[in-house]
2 protein chains.
Amino acid sequence: MDDSVKYGFGPHPIPGSHVFALTPLSMGFVNLKPVVPGHVLVSPLRNVKRFADLTAAEVADLWLLAQRIGATVERHYGAASLTLAIQDGPFAGQTVPHVHIHILPRKAGDFPKNDEVYDAIDRESVQYKAAAAAQPAGEKLDLDKERRVRSHDDMAAEAAELRALLQ
Amino acid sequence: MDDSVKYGFGPHPIPGSHVFALTPLSMGFVNLKPVVPGHVLVSPLRNVKRFADLTAAEVADLWLLAQRIGATVERHYGAASLTLAIQDGPFAGQTVPHVHIHILPRKAGDFPKNDEVYDAIDRESVQYKAAAAAQPAGEKLDLDKERRVRSHDDMAAEAAELRALLQ
């Protein structure tokens, strides 16, 4: 997939090279600032905010794709568990108003306390918005000094890897 | 549903009166120690540990039921968002080895930091096991003094309420 095609993620255009899985109703794409290696997102192609807004066909397609992607990233990143979560609405921590499943490969001791992974997801969502706003001006983000916004090419390389594994 | 029927949740028998939704492949049931009002669980009827173990029919059925239950508990408990999460495997915080979706109605300010809801889910899972072990001896749990194990009848009453709403 090349970057002449953009996929909508709420208000954010996702370049085709960052999308590694496509079905008629759903897409899997890489993350600007993954919380753990292999942290990816799965969304309906249709730009809808809440999980309740999805049709039955979209619900089934979305979660079947998430199941397939989850098994692939867990194996590929040498993990032994997965966190699968939807922050469905603003009071659940949703910052991009487009349904998305967070898939995180998990390993023993990756977070000192298990819940910290979710705190990191929240920070990531905020950063996604901030980074999208900051990127055009070429600014570096300073919201979380431990993690860097990845380059477009790093993200495309990871997507290419996952795309090959899923074929 | 009466208590002569038990549904398996990993090693734990769930009395029929605590199950408020049943499909051919999935069940919705109330929680021993809900983290927020209306915190319920949805599981496949088949006792499988990991999300990847589910058939396509089970995945679709599970999440369509979760979608329906989520909309119902969000409205019924006066919430405006939902947390939907699977802790898929021990390194993701799973303590009961039977796939289950946590559904939590969320409100503004219900947790000082959004991630604390997940920390509470983790504690709840541990308590579920401890409570199941402790209940026969009639002991009170002391793992989390802020929350009490609910009585069988309180749980059955909540399940009856939700069962009526879902019909």
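Only this structure's heavy atoms are used, side chains among them; waters, hydrogens and symmetry mates stay out. Throughout, protein chains are lettered first and strands after them, A, B, ... in sequence-line order, and every chain is numbered starting at 1.
- Between A/Ser81 and B/Gly89, the closest heavy-atom pair is OG-C, 3.2 Å.
- To the nearest 0.5 Å, atom CD of residue B/Gln94 and atom OG1 of residue A/Thr83 are 10.5 Å apart.
- In terms of heavy-atom proximity, A/Leu82 sits nearest to B/Ala92 at O-CB, 3.2 Å.
- Put simply, of A/Ala79, A/Ala66, A/Ala80, A/Gly70, the one with the most heavy-atom pairs under 4.5 Å next to chain B is A/Ala80.
- For chain A, the nearby parts of B/Leu54 are the backbone and the side chain; heavy atoms of each come within less than 4.5 Å.
- Side-chain contact between B/Arg50 and A/Glu74: present, with at least one pair of heavy atoms (C-beta onward) separated by less than 4.5 Å.
- Put simply, B/Leu25 and B/Phe9 are part of two different groups of oily side chains (I, L, V, M, F, W, Y) that touch within less than 4.5 Å, one to the next.
- Neither the backbone nor the side chain of A/Arg68 comes within less than 4.5 Å of any heavy atom of chain B.
- Here the CG atom belonging to B/Asp88 is positioned 12.0 Å from the CG atom belonging to A/Leu104, to the nearest 0.5 angstrom.
- Residues B/Phe91 and A/Lys107 approach most closely at CB-C, 3.8 Å, considering heavy atoms.
- Contact record, B/Phe51 with A/Gln67: O-NE2, 2.9 Å, taken as the closest heavy-atom pair.
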